[in-house]
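All values derive from a computational prediction rather than experimental measurement. Computed over heavy atoms, backbone and side chain alike; hydrogens, waters and symmetry mates excluded.
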Amino acid sequence: MPSKRSPAVHNISFCGLTGAIFVLLTASVILYIEAFVTTSWAVRENDTSAEFEGLWQTCSYVPRGPENSWLKTSQVLISLGFFCLIASFILSTIYMTANRASKNVTITSLAFVCFVTVVFVVIGVTVFGTHSLHRLSWSFGVTIASAVLTFLAGILTILQLHRSNVRIC
């Protein structure tokens, strides 16, 4: 006997849960881009100088040597997190604005990609933070803040899935 499930109903409002998801992901994208391109992930200071280190270069523009395989690993993971975050933002926009897109598939994909983003970022910042010999700086912290916002957006997306009566299995 087939089970009687209610169809999924998606209540989409910029003032509601979906609006909060969109705002969190927008803030997360802005923070992530800011941190991604800056050279303030770590700082080494002494009495006469300071060297600012980012994912891609240092302020003194000293080329990185091949001995920093941990840095390449961190760059790849943080970059994957960035691409996933952009995908999350696009999925959120599609969910809220596109009438012809499957809302069930879009919101389910959004939840999955939000959490994949967080995994990439957490591993990437952990690799960077544990191997950098410099004092960690604000770009590093902004990346973590972006991951927290993305995690919160993922949680709200799960709540939206539940409220919309979407069944994953």
Practice problem: Please list, chain by chain and in numerical order, all residues satisfying side-chain contact (heavy atoms from CB on, under 4.5 Å) with Val122, sequence neighbours excluded. | Solution: Val118, Thr126
Is there a donor-acceptor pair closer than 3.5 Å between any side-chain N or O of [X] and the backbone N or O of [Y]?
X	Y	answer
Thr130	Val127	yes
Trp41	Ala35	yes
Glu51	Arg44	no
Thr39	Glu53	no

Practice problem: For Val119 and Ile123, run side chain to side chain contact (heavy atoms under 4.5 Å, CB included): C-alpha distance rounded to whole Å, both residues' side-chain angles, the deciding distance at 0.1 Å, then the answer. | Solution: CA-CA 6 Å; Val119 168; Ile123 296 170; 3.8 Å; yes
Please report the closest heavy-atom contact between [X] and [Y], naming both atoms and the distance.
X	Y	result
Cys84	Val113	O-CG1, 3.2 Å
Thr117	Leu85	OG1-N, 3.4 Å
Gly54	Phe128	O-CE1, 4.4 Å
Leu25	Cys114	CD2-SG, 4.1 Å

Quiz item: Per the side-chain contact (heavy atoms from CB on, under 4.5 Å) rule, which among Val76, Leu77, Ile78, Val125 passes with Phe120?
Solution: Leu77
Working to the nearest 0.5 Å, report the span between [atom1] of [X] and [atom2] of [Y].
X	Y	atom1	atom2	value
Leu110	Phe89	CG	CZ	11.5 Å
Met96	Leu91	CE	CG	13.0 Å
Tyr95	Thr106	OH	OG1	8.5 Å
Ser109	Ile90	OG	CD1	12.5 Å
Phe140	Thr38	CZ	OG1	12.5 Å
Leu24	Ser92	CG	OG	9.5 Å

Quiz item: Does the side chain to side chain contact (heavy atoms under 4.5 Å, CB included) test come out yes or no for Phe112 and Thr108, once each step is laid out?
Solution: CA-CA 6 Å; Phe112 177 76; Thr108 303; 5.9 Å; no
Exercise. Anything under 30° is parallel, anything over 60° is perpendicular, the rest tilted; go ahead and classify Phe36 against Phe82.
Key: parallel
Quiz item: Parallel, tilted or perpendicular: which describes the rings of Trp70 and His131, with under 30° parallel and over 60° perpendicular?
Solution: parallel
Quiz item: Is Ile30 reachable from Ile86 through a run of I, L, V, M, F, W or Y residues, each pair having side-chain heavy atoms under 4.5 Å apart?
Solution: no
Using atom types as modelled, flag every donor-acceptor pair under 3.5 Å from a side chain in residues 149-159 to any protein atom, sequence neighbours excluded.
from: Thr150; atom 1: OG1; to: Ser28; atom 2: OG; distance (Å): 2.6
from: Thr150; atom 1: OG1; to: Ser146; atom 2: O; distance (Å): 2.9
from: Thr157; atom 1: OG1; to: Ala153; atom 2: O; distance (Å): 2.7

